[in-house]
Protein chains: 2
Amino acid sequence: MPRRHALELFLKQVQMFRHLSAAERQRAAAACRERSFDRGEAIFHEGHPSDSVWLVREGRVHLLHYLTGGRVQTTCVMAPGESFCCLPALDRGSYPATAVAATPAKVIQLPTSVFHELMQGSPAMAQETLCTFCTRLRQVEAKGCLAHDPVDRRIAQALLTLQKKFGETIPMTRQEIADLVGTTVETAIRTISRFQKEGRVRSTRGKLALLQPDALKQLLS
Amino acid sequence: MPRRHALELFLKQVQMFRHLSAAERQRAAAACRERSFDRGEAIFHEGHPSDSVWLVREGRVHLLHYLTGGRVQTTCVMAPGESFCCLPALDRGSYPATAVAATPAKVIQLPTSVFHELMQGSPAMAQETLCTFCTRLRQVEAKGCLAHDPVDRRIAQALLTLQKKFGETIPMTRQEIADLVGTTVETAIRTISRFQKEGRVRSTRGKLALLQPDALKQLLS
DNA sequence: ACAGGGGTATGATCTGGATCATACTGTGGA
DNA sequence: TCCACAGTATGATCCAGATCATACCCCTGT
């Protein structure tokens, strides 16, 4: 079954699963369910009970909170190969955020029960999971201490981070960047336009390339 | 040795260690080193390598980041019985924040190596550690999505959280509260004075009591 | 007893960025 | 082909909160 095989290859590229044995990976793949979501569609909602761990197969998924006044605060942007919201799988709590497909997306859903079995059977996977977790905590912590910096610095920081994730070209709109750094579209547009005038970035509709990363880094001083 | 015995009793009250057997707790107590710090003194610094897990025995300890311009961003306030900065013990990275004694404080230092031994030997402790961790991640996440709310809401939220930690009276100055919510002393003073006029809180020098928690909660709407 | 400093208080002013308004442009769908 | 809409752009105005200045109060150490 080639589809199954492709899935196993995919799992091999996911950090948390990369040290599973072939048999374990087969076991995981057998329990996976692949689902498709349209752009803008919610995958799950903050506060709802969780019974699955999720992986991005294709497209882009955002973790976000709806704020009072209809505003959106995006806390995390996930690219293919990344897992998201393992936290409720570990503490059996509810989803800490809402997940939305930011583009048409294929995601993989692995039941928490199977996730636990795998982790019990594989110390390496438990270790990787813990590691993923630690990384996430450090990220959130780092982002938190930029929260009250001026907007241009927050945007510069976000772009540098996104570049690490997406490479040369960042496939996001100003609105999405605004939601990510906690500002308005207008301000995001003005700031990024300024960056462009200063030769730091180049942008086309829905895309954004960093010309000289160092030129952004110097904003972070 | 009564001192040793007191220490074991203390460990029993720390969430992470509460399920250790008497023998394991003895082992832990034997490896602990107690240290005293003056108010304002640093316990460790962000970015430095870590070889210990820390517990607050007496006093109050703040985790914080120094920002550009000499500002301080406090990310966490720890009361007696709480552990802090276990993260580097798990991922063997460096300290993610600086710890400062906010009052004269006694803290307990447990070598990472012993911490790992204990965790290896006690699944219950491993579970508790993970749990502490998850809680921390949820807290940080929750705080993050309030970051761009108006100051009065951030302060109200902080006071409610602090009340859970300290009970009726919160032993903190306006400056400390300002650093915690990411604002200036002046704004913190004005806001809290307003709360007082509105009958929501009562304050004396360095202390602050919530009169009607519900009156603050309604600010969070 | 007194001096000095940290904590609290309050006014005046300034500004980054939100808000409101309007318009242009590229893209996808009928 | 053209319409509708999402994304981008830009100006005008407004305001929460930072910044600057000054003062008072209470505690601690000498």
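Reminder, nothing fancy here: chain letters follow the sequence lines and each chain counts from 1.
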Undergrad: Identify, with sequence neighbours excluded, every residue that meets salt bridge (Lys or Arg N to Asp or Glu O under 4.0 Å) alongside B:Lys12.
TA: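 Result, salt bridge (Lys or Arg N to Asp or Glu O under 4.0 Å) vs B:Lys12: none returned.
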Undergrad: Would you tabulate the nitrogen or oxygen pairs shorter than 3.5 Å linking the protein to nucleotides 20-23 of chain C?
TA:
residue: C:dC20; atom: N4; partner: A:Glu186; partner atom: OE2; Å: 3.4

Undergrad: Would you list the protein and nucleotides 4-8 of chain D atom pairs, both N or O, that sit under 3.5 Å from each other?
TA:
residue: D:dA6; atom: N3; partner: A:Arg205; partner atom: NH2; Å: 3.0
residue: D:dG7; atom: OP1; partner: A:Arg39; partner atom: NH2; Å: 2.6
residue: D:dG7; atom: O4'; partner: A:Arg205; partner atom: NH2; Å: 3.4
residue: D:dT8; atom: OP1; partner: A:Gly206; partner atom: N; Å: 3.0
residue: D:dT8; atom: OP2; partner: A:Arg174; partner atom: N; Å: 2.9

Undergrad: Between atom CD1 in A:Ile192 and atom P in C:dG17, what is the gap in whole Å?
TA: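 In whole Å, C:dG17 P lies 14 Å from A:Ile192 CD1.
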Undergrad: Taking A:Asp51's backbone N and O only, do any of them form a donor-acceptor pair with A:Thr112's side chain (distance below 3.5 Å, no angle check)?
TA: yes
Undergrad: Main chain of B:Gly182, side chain of B:Arg154: is a donor-acceptor contact present, judged purely on distance under 3.5 Å?
TA: yes
Undergrad: For D:dA16 and B:Arg154 - does any side-chain N or O of the residue sit under 4.0 Å from the phosphate oxygens OP1/OP2?
TA: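 No, outside the criterion.
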Undergrad: Would you say the side-chain atoms of A:Thr75 pair up with the backbone N or O of A:Leu63, donor to acceptor, closer than 3.5 Å?
TA: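 Looks like yes, one N/O pair under 3.5 Å.
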Undergrad: Kindly check if the number of other-residue, nucleotide or ligand heavy atoms within 6.0 Å of CZ (A:Arg194) is above 12?
TA: yes
Undergrad: Short question: side chain of A:Gln212, backbone of A:Gly199 - any donor-acceptor pair under 3.5 Å?
TA: yes
Undergrad: Nearest-Å distance, CG (A:Asp38) to P (C:dG29)?
TA: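 Going from A:Asp38 (CG) to C:dG29 (P), I get 12 Å.
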Undergrad: Assess whether side-chain hydrogen bond (donor to acceptor under 3.5 Å, both in side chains) is satisfied between A:Ser203 and A:Gln196, documenting all intermediate values.
TA: CA-CA 8 Å; A:Ser203 83; A:Gln196 185 148 357; 3.0 Å; yes
Undergrad: Starting from C1' on C:dG17, measure out to NE2 on A:His148 and report it in whole angstrom.
TA: 15 Å
Undergrad: Report the distance from atom CZ of B:Arg202 to atom P of C:dT8, rounded to the nearest whole Å.
TA: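 Rounded to the whole Å, the gap is 15 Å.
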Undergrad: Check whether any side-chain N or O of B:Thr183 sits under 4.0 Å from OP1 or OP2 of D:dG17, and answer yes or no.
TA: no
Undergrad: A:Asp152 has an atom CG; how far is it from atom C1' of C:dG17, in whole Å?
TA: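 The distance from CG of A:Asp152 to C1' of C:dG17 comes to 11 Å, rounded to the nearest Å.
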Undergrad: I need the CD-C1' distance between B:Gln196 and C:dT10, as an integer number of Å.
TA: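 Those two atoms, CD and C1', are 15 Å apart.
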Undergrad: Which whole-number value in Å describes the distance from B:Glu176 CD to C:dG6 P?
TA: 14 Å
Undergrad: Check whether any side-chain heavy atom of A:Arg200 sits under 4.5 Å from a side-chain heavy atom of A:Leu219, and report yes or no.
TA: yes
Undergrad: Over 60° means perpendicular and under 30° means parallel, so classify the ring planes of A:Tyr95 and A:Phe44, tilted if in between.
TA: parallel
Undergrad: Take B:Asp179 and B:Gln175 through the test side-chain hydrogen bond (donor to acceptor under 3.5 Å, both in side chains) and record every step on the way to the result.
TA: CA-CA 6 Å; B:Asp179 291 344; B:Gln175 180 68 66; 3.2 Å; yes
Undergrad: Could you run down the sub-3.5 Å N/O contacts of the protein with nucleotides 14-16 of chain C?
TA:
none

Undergrad: Roughly what angle, to 10°, lies between the helix axis at the start of the helix from C:dA1-D:dT30 to C:dA30-D:dT1 and the one at its end, five pairs per end?
TA: 40°
Undergrad: When you measure from the side-chain N and O atoms of B:Thr187 to the phosphate of D:dA18, is any distance below 4.0 Å, counting only OP1 and OP2?
TA: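 So the side-chain polar atoms of B:Thr187 do come within 4.0 Å of the phosphate oxygens OP1 or OP2 of D:dA18, strictly under.
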Undergrad: In the structure I gave you, are the side-chain heavy atoms of B:Pro88 and A:Arg138 within less than 4.5 Å of one another anywhere?
TA: yes
Undergrad: If we only count heavy atoms from C-beta on, is the A:Leu87 to A:Phe133 side-chain gap below 4.5 Å?
TA: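 Counting from C-beta outward, A:Leu87 and A:Phe133 do come under 4.5 Å.
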Undergrad: Would you kindly give the CZ-to-C1' distance between B:Arg194 and C:dG11, to the nearest whole Å?
TA: 18 Å
Undergrad: Does any part of the side chain of A:Ile177, heavy atoms only, come nearer than 4.5 Å to the side chain of A:Leu208, both counted from C-beta?
TA: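 Yes; the side chains approach each other to less than 4.5 Å.
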Undergrad: Ignoring hydrogens and angles, write down the donor-acceptor pairs under 3.5 Å from the side chains of residues 98-110 of chain B, residues two or more places apart or on other chains.
TA:
residue: B:Thr98; atom: OG1; partner: B:Glu46; partner atom: N; Å: 3.0
residue: B:Thr103; atom: OG1; partner: B:Arg60; partner atom: N; Å: 3.0
residue: B:Gln109; atom: OE1; partner: B:Arg35; partner atom: NH1; Å: 3.2
residue: B:Gln109; atom: NE2; partner: B:Ser52; partner atom: OG; Å: 3.1

